**Student:** 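The structure's right below; bear with me while I get my questions together.
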Amino acid sequence: MWQIANERALWLGQQVMPHEPALRSWLRRWRMKGLEIDDVVQETYTRLITAESIEHITNPKTYLFQIAGSVVIDHLRRMKIVSIDSVADMAELGIASDEPSPERRVIDRDELRRLARAI
């Protein structure tokens, strides 16, 4: 268990964290009320560190931005009132809301593997 945690931390430090300045710059463009960049970055790292597997990730920067986009969309969904500007910004994120998130795909793929092993 500790070995996996250490490997994941090393992967995050080497492959993901160097892209944090670009991610923060990208997030600053959205300027949505109640959206704290530090919170989005923290939630993004949390989702990466707790993912069942990272073996499928071929482009950590792209995956980082996809996860952050999902975090922003989740934030917008939780808001009771969403301004029209936020909706326009959400469209510019380039993430189709009807597609499963990267996290959901990983979880589903892992469930299928477990099911296949059980069968």
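In this chain, residues are counted from 1 in sequence order. Note: hydrogens, waters and symmetry copies are ignored here, and every other heavy atom, side chains too, is used. Everything quoted here is computed from the prediction, not taken from an experiment.
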**Student:** Mind listing the side-chain donor-acceptor pairs of residues 45-54 below 3.5 Å, one per line with the distance, residues two or more places apart or on another chain?
**Tutor:**
residue : atom : partner : partner atom : Å
Y45     : OH   : E20     : OE1          : 2.6
T46     : OG1  : Q42     : O            : 2.9
R47     : NE   : E43     : OE2          : 2.9
R47     : NH1  : D74     : OD2          : 3.3
R47     : NH2  : D74     : OD2          : 2.6
T50     : OG1  : T46     : O            : 2.7
E52     : OE2  : R114    : NH1          : 2.9
S53     : OG   : E55     : N            : 3.2

**Student:** Within this structure, what is the NE2-CD1 distance for the pair H75 and I73, rounded to the nearest 0.5 Å?
**Tutor:**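 It comes to 12.0 Å.
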**Student:** Which pair of non-hydrogen atoms, one from G13 and one from P18, has the smallest distance, and what is that distance?
**Tutor:**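 For G13 versus P18, the nearest heavy atoms are O-CD, 3.5 Å.
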**Student:** Apply side-chain contact (heavy atoms from CB on, under 4.5 Å) to residues V16 and T44 and explain how you reach the verdict.
**Tutor:** CA-CA 11 Å; V16 176; T44 300; over 6 Å; no
**Student:** Of the non-hydrogen atoms in A68 and W26, which two are nearest, and what is the gap between them?
**Tutor:**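 Distance-wise, the nearest heavy atoms are CB-CZ3, 4.2 Å.
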**Student:** Return a table of donor-acceptor pairs under 3.5 angstrom between the side chains of residues 58-65 and protein atoms on other chains or two or more places apart.
**Tutor:**
residue : atom : partner : partner atom : Å
N59     : OD1  : K61     : N            : 3.3
N59     : OD1  : T62     : N            : 3.2
N59     : OD1  : T62     : OG1          : 3.4
N59     : ND2  : T62     : OG1          : 3.1

